[in-house]
2 protein chains.
Amino acid sequence: MKHPLKQHIEEIIKLTDEEFEFILSHFETIYKRKHQYLLQKGEIADKEYWIVKGCLKSYFFEESGKEHILQFGMENWWITDYESFVKQSKSKINIDCIEDCELLYITFENREKLTKEMHKMERFWAKKSKFGRIALQNRILSLLKNSSKERYDLLLEQYPKLFQRVPKKLIASYLGVSRETLSRLNS
Amino acid sequence: MKHPLKQHIEEIIKLTDEEFEFILSHFETIYKRKHQYLLQKGEIADKEYWIVKGCLKSYFFEESGKEHILQFGMENWWITDYESFVKQSKSKINIDCIEDCELLYITFENREKLTKEMHKMERFWAKKSKFGRIALQNRILSLLKNSSKERYDLLLEQYPKLFQRVPKKLIASYLGVSRETLSRLNS
DNA sequence: TTCAGAGTGTGATATTTAGCACAAATTTTT
DNA sequence: AAAAATTTGTGCTAAATATCACACTCTGAA
């Protein structure tokens with residue numbers, strides 16, 4: 001059976017088994033339990049995580065104490081504070097497990113090393129970065145263009161599983177509406 | 001005097017004069033007048049533009065006919081429909097000149113070619129892509145966290161020149177509020 | 001099983017914002 | 001210089017959303 005990470009990378013770039021083993025040697029596995037965190041505000045994100053199993057949120061608090069979800073993470077997604085990781089600067093956000101999680105991570109140093117050692121991975125991450133940017137652009141488009149109700153429907157359509165796994169108030173926070181308003185959107 | 005594009009690229013990667021000349025040979029200059037367009041919805045963005053002089057907007061229309069500004073472009077910025085350019089797919093957006101413009105552009109093919117021929121430029125664009133993604137992430141953060149008034153103040157602080165160059169209704173559209181609401185934010 | 005905490009739905013009200021109308025100011029075109 | 005078009009501010013009203021309050025459900029721990 002093919003390793004899920006190999007499968008994931010091969011959606012973009014074909015790999016020999018040896019190449020994949022080499023890549024994998026730059027990663028470590030880690031297990032985290034529900035409510036544990038991967039990153040806290042003020043820390044420097046020195047790892048990028050690939051989610052084998054589980055569900056996570058990246059979020060931050062407004063001065064008022066209101067929580068805003070920036071991103072959810074589920075199986076086969078990457079998660080980190082991208083800004084902190086790239087710039088090696090202090091993070092503005094937190095990342096927590098919503099469920100028990102199995103994660104593969106690569107450190108900043110290992111990723112730099114791997115990028116230099118293996119041009120295929122430089123291309124892989126370049127492409128990932130491009131697609132990530134496109135996804136963010138479309139989220140902005142949606143925030144500008146669509147009503148709350150429309151954003152709710154689009155999210156439900158795109159990630160139906162998310163609604164079974166995470167509390168609605170987190171969905172509300174991701175969409176940028178209050179939980180009460182979200183609760184009333186269906187009626 | 002150093003070419004402004006050389007100066008721009010050297011903020012990320014140092015270049016010899018020969019290297020820069022080689023890079024520049026992949027670009028063409030084009031002049032456009034106010035109200036002319038660079039890209040229309042449905043076309044494929046086959047060029048990426050670097051703005052030597054002038055001001056532009058990338059935007060799209062809601063079904064209702066409401067205009068939403070995705071991005072402004074001014075001197076030393078790049079502009080294109082990133083999604084369409086990267087995927088070579090049909091664009092959802094339009095790009096118009098708000099002022100008379102002088103632009104340098106590189107075609108998709110030339111950029112691919114240059115990326116392969118010159119590893120420094122692969123790194124340059126990878127870095128650009130990363131920073132672009134971070135900027136978009138921060139815009140989402142701001143859309144979730146800040147009130148209209150706060151977003152207005154932040155934009156004014158970051159790009160004061162923009163407010164002298166483009167009509168307020170376009171600023172409103174960029175911030176995601178109606179022009180009437182924007183007009184009332186200061187009082 | 002029981003109990004505490006988290007999650008959820010809904011009424012009432014306050015706040016924010018949009019949308020329309022119109023007049024004044026400014027810019028562009030002829 | 002005059003005319004036309006665009007931009008801007010502001011009063012008014014309607015719609016969307018936030019906020020507070022409270023009851024009910026569900027889940028996990030003791």
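Throughout, protein chains are lettered first and strands after them, A, B, ... in sequence-line order, and every chain is numbered starting at 1. Hydrogens, waters and symmetry mates play no part in the numbers below; they use all other heavy atoms, side chains included.
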Footprint string (nucleotides 19-30 of chain D, 5' to 3'): B base within contact, S backbone only, - free, heavy atoms under 4.0 Å: BBB---------
Rounded off to whole Å, could you give me the [atom1]-to-[atom2] distance for the [X] and [N] pair?
{"X": "B:Leu182", "N": "C:dG19", "atom1": "CG", "atom2": "P", "answer": "14 Å"}
{"X": "B:Leu170", "N": "D:dT7", "atom1": "CG", "atom2": "C1'", "answer": "10 Å"}
{"X": "A:Leu175", "N": "D:dA16", "atom1": "CG", "atom2": "C1'", "answer": "15 Å"}
{"X": "A:His35", "N": "C:dG5", "atom1": "NE2", "atom2": "P", "answer": "14 Å"}
{"X": "B:Ile171", "N": "D:dT7", "atom1": "CD1", "atom2": "P", "answer": "12 Å"}
{"X": "B:Gln164", "N": "C:dT27", "atom1": "CD", "atom2": "P", "answer": "13 Å"}
{"X": "B:Leu144", "N": "D:dA18", "atom1": "CG", "atom2": "P", "answer": "12 Å"}
{"X": "A:Phe163", "N": "C:dG7", "atom1": "CZ", "atom2": "P", "answer": "16 Å"}

N-O pairing of A:Asp96 and A:Lys34 below 4.0 Å: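 Salt bridge: no.
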Between A:Glu75 and A:Arg165, is the closest basic N to carboxylate O distance under 4.0 Å?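 So A:Arg165 pairs with A:Glu75 through a salt bridge.
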Would you mind telling me which of C:dG7, C:dT10, D:dA18 lies closest to the side-chain atoms of A:Lys169?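 From the listed options, C:dG7 comes nearest.
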Whether B:Phe163 and B:Tyr152 hold their rings parallel, tilted or perpendicular, with breakpoints at 30° and 60°: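 Correct class here is perpendicular.
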Does the plane of the ring in A:Phe124 sit parallel, tilted or perpendicular to the ring in A:His8? Use 30° and 60° as the thresholds.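 Ring orientation, 0 to 90° scale: perpendicular.
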For B:Ser148, answer base if it contacts any base atom (sugar-phosphate contacts may also be present), sugar-phosphate if it contacts only those atoms, and nothing otherwise; contact means non-hydrogen atoms under 4.0 Å.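 If one applies the 4.0 Å heavy-atom cut-off, B:Ser148 turns out to touch the sugar-phosphate alone, with no base involved.
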Enclosure of B:Lys41 NZ (heavy-atom neighbours >12, cutoff 6.0 Å):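 No - once you tally the heavy atoms of other residues, nucleotides and ligands closer than 6.0 Å, there are 12 at most.
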Go through the steps for B:Glu102 and B:Lys32 under the test salt bridge (charged side-chain N to carboxylate O under 4.0 Å, His left out), then give the verdict. CA-CA 7 Å; B:Glu102 179 185 346; B:Lys32 288 277 181 185; over 6 Å; no
